2 protein chains.
Amino acid sequence: MTKTRRYTQRKRAADREETRLRIVEAAMALHEEIGPSDTTISAIAQRAGVQRLTVYRHFPDETAVFEACTSHWLELNPPPVPTAWEACEGDDERVYAALLAFYRYYRGTQRMWQGAHRDEPKVPAIQGPMAEFRAYLHGVGEEIGKSCAAGGDSRLTITLQHALAFTTWASLESLGLDDEAKADLALAWVQGLER
Amino acid sequence: MTKTRRYTQRKRAADREETRLRIVEAAMALHEEIGPSDTTISAIAQRAGVQRLTVYRHFPDETAVFEACTSHWLELNPPPVPTAWEACEGDDERVYAALLAFYRYYRGTQRMWQGAHRDEPKVPAIQGPMAEFRAYLHGVGEEIGKSCAAGGDSRLTITLQHALAFTTWASLESLGLDDEAKADLALAWVQGLER
DNA sequence: ATTTGAATAAACATGTATGTTCATTGAATG
DNA sequence: CATTCAATGAACATACATGTTTATTCAAAT
């Protein structure tokens, strides 16, 4: 019979937390560099400078790592919020501000979004967050659409929702437009509809 | 010393060709169902009802199968050609006809294009054909842009090129538009710019 | 000084894919 | 009838990822 004794962790707990963070950040970097679906537990461990077993002790499986990874990444890279555009006076200014906010966000985070879109069907762990983000985008498009003079014109709303999508950013990027030009062009689409 | 004798293959050659075709079609079906990057030689062999070794005898490696597969698929699914729209009278009609032609093509071939876009970075064998198709699309957008009243307006051309892309079809599809509504909307973007 | 426990190091079993080798079958060809 | 050869069936070596087990190290906590 061993005597039970209270054992309050202080530095131990902190060390453990730090190891966990190293693992999460290694996973995050790999998700960005080679994409979620190619990110193996072995690679994460190697990158974190940790034994493979250590990863398993912190996370039951790949999905758990990915979840921790996603939420940590979103904390570091928060998507644009409505305050960035809802203060604008005119309709055009508001639409432009929102588009530009998202386009700049996409520029800074393009590798991750590229990979996330690509691997979404294969990696269940990112499907939830992706659906959530899409719903958010959808709502933003709807809100801005309603706030415009043309009221609830569905073509206006749909054009906004399309313009706000990452895939649209990527398409216009590949056509050589910088972020301002992209927002200009998408704004012109919207203005054309309002006529 | 064995006597050499001429040996003209007739049915043998035909049988061999048929086996090759079975392999190519199995690969094609798998590319469509699970995507190029998950399509293994083992799976192709199994699907074709053939030994794995038989696949290796017809194709040196995965890349060779994929190449044969791509060109065969393109023969069966030829992209829209300019004759489908260049006969149209007005600018609007021509733009609409071209957009609709591509949108209907994408609808019929969406699974393959979805997978091709997704796996393009991972599967070298499809990068060539994809680049070729993109160049074709790019040219189509440019031609139609030039043919319009607004002449060589770069925003017009870029909007057309964006509208013709598969990713745009997919984005508008996810927003609930049918192909006619997609073409209508993209046409409205173009018209708005011409103002 | 002793106990606790996070992390290491090394191995094992399992699964899957690749690419290659070899002997065998059996129908097409001469 | 004898020869040719596409395809089979089975095995082998290699590589890599998963998930688990065991014993060991060593600093933190008491």
Side-chain angles (χ1 to χ4, degrees), chain A residues 1-27 30-31 33-66 68-69 119 122-125, chain B residues 1-27 30-31 33-68 119 122-125:
Chain A
M1 292 297 138
T2 54
K3 188 92 72 43
T4 47
R5 75 175 168 185
R6 274 183 297 120
Y7 200 87
T8 310
Q9 298 194 338
R10 291 194 303 276
K11 187 158 189 306
R12 294 303 279 276
D15 285 358
R16 196 173 198 287
E17 193 48 42
E18 205 218 278
T19 301
R20 193 191 132 101
L21 187 62
R22 278 231 312 286
I23 293 170
V24 170
E25 287 185 330
L30 288 168
H31 284 184
E33 284 170 30
I34 62 177
S37 85
D38 282 346
T39 297
T40 64
I41 296 213
S42 307
I44 293 170
Q46 193 173 4
R47 175 105 183 196
V50 131
Q51 285 287 320
R52 202 159 52 89
L53 178 57
T54 305
V55 177
Y56 285 114
R57 302 181 117 229
H58 281 268
F59 303 95
D61 53 25
E62 218 160 352
T63 301
V65 192
F66 282 22
C69 182
D119 296 347
K122 262 192 215 170
V123 182
Chain B
M1 293 291 142
T2 54
K3 190 95 69 51
T4 48
R5 73 174 171 184
R6 277 182 294 119
Y7 199 87
T8 310
Q9 296 196 343
R10 292 192 304 276
K11 189 158 187 309
R12 294 300 279 275
D15 284 358
R16 196 172 196 287
E17 193 48 43
E18 204 219 279
T19 300
R20 193 192 133 99
L21 188 61
R22 278 231 311 285
I23 293 169
V24 170
E25 288 185 330
L30 287 168
H31 284 184
E33 284 170 31
I34 62 177
S37 86
D38 282 346
T39 296
T40 64
I41 296 213
S42 307
I44 292 170
Q46 194 174 3
R47 175 104 182 198
V50 132
Q51 286 289 319
R52 200 160 53 90
L53 178 57
T54 305
V55 177
Y56 284 113
R57 303 184 115 229
H58 280 268
F59 304 95
D61 54 25
E62 218 160 352
T63 301
V65 192
F66 282 22
E67 271 164 14
D119 296 347
K122 263 191 215 170
V123 182

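Predicted, not measured: the structure shown is a model, and the values here were computed from it. Just so it is clear: chains get the letters A, B, ... in the order the sequence lines come, proteins before strands, and each one is counted from 1.
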Between A:D15 and A:A43, the residue closer to the 5' end of DNA chain D by nearest nucleotide is A:A43
Open item on the list: Taking any heavy-atom pair under 4.0 Å as a contact, classify B:I41: base, sugar-phosphate, or nothing.
Closed with: sugar-phosphate
Between A:F59 and A:A68, the two heavy atoms sitting closest are CE2-CB, 3.8 Å
Inset, instruction - Ignoring hydrogens and angles, tell me if any N or O in the side chain of A:R22 forms a donor-acceptor pair with the backbone of A:A48 under 3.5 Å. - result: yes
Rounded to whole Å, the CD1-C1' distance (A:I23 to C:dA6) equals 11 Å
Judged by nearest nucleotide, the residue sitting upstream toward the 5' end of DNA chain D, A:L53 or B:V50, is B:V50
All heavy atoms of B:D119 vs all of B:S37, minimum pair found to be OD2-N, 2.9 Å
Next item on the list: Answer whether the closest heavy-atom distance between the side chains of A:E25 and A:R20 falls below 4.5 Å.
Entry: no
task = Output yes when at least one side-chain N/O atom of B:T54 is less than 4.0 Å from OP1 or OP2 of D:dT8, else no.
result = yes
A:R57 atom CZ is separated from C:dT8 atom P, nearest whole Å, by 10 Å
Of the listed C:dA17, C:dT20, C:dT8, the closest approach to the B:Y56 side chain comes from C:dT20
To the nearest angstrom, the NZ-P distance between B:K11 and D:dA7 comes to 11 Å
Exercise. Compare side-chain N and O positions of B:H58 against OP1 and OP2 of D:dA7 and report whether any pair is under 4.0 Å apart.
Key: yes
Atom CG of A:D61 and atom P of D:dA17 are separated, to the nearest Å, by 17 Å
ask   = Considering only heavy atoms from C-beta outward, does the side chain of B:R52 approach that of B:Q46 to under 4.5 Å?
value = no
May I ask you to evaluate whether A:T40 reaches the phosphate of D:dC16, defined as a side-chain N or O under 4.0 Å from OP1 or OP2? no
If each end axis of the helix from C:dA1-D:dT30 to C:dG30-D:dC1 is fitted on five C1' pair positions, the angle between them, to 10 degrees, is 0°
In whole angstroms, the gap separating C1' of C:dT18 from CZ of B:F66 amounts to 14 Å
Strictly below 4.0 Å: does A:Q51 bring a side-chain N or O up to OP1 or OP2 of C:dA9?
yes
Taking only N and O in the side chain of B:T19, is any of them less than 4.0 Å away from OP1 or OP2 of D:dA7? yes
| task | Check whether any side-chain heavy atom of A:K122 lies under 4.5 Å from a side-chain heavy atom of B:D38, and answer yes or no. | result | yes
Of the candidates D:dA7, D:dT18, C:dT18, the side chain of B:E62 sits closest to C:dT18
Between CD of B:Q46 and P of D:dG9 the distance, given in whole Å, is 13 Å
Between A:T39 and A:F66 the two heavy atoms that sit nearest each other are O-CZ, 4.0 Å
Atom CD1 of B:I44 and atom P of C:dG19 are separated, to the nearest Å, by 11 Å
For A:V65 and A:V24: C-alpha separation, side-chain torsions, deciding distance, then whether side chain to side chain contact (heavy atoms under 4.5 Å, CB included) applies. CA-CA 7 Å; A:V65 192; A:V24 170; 5.6 Å; no
**Study point:** Donor-acceptor pair (no angle test) under 3.5 Å: A:R52 side chain, D:dG19 base
**Key:** yes
note: B:F59, atom CZ; D:dA7, atom P; distance rounded to Å ~ 11 Å
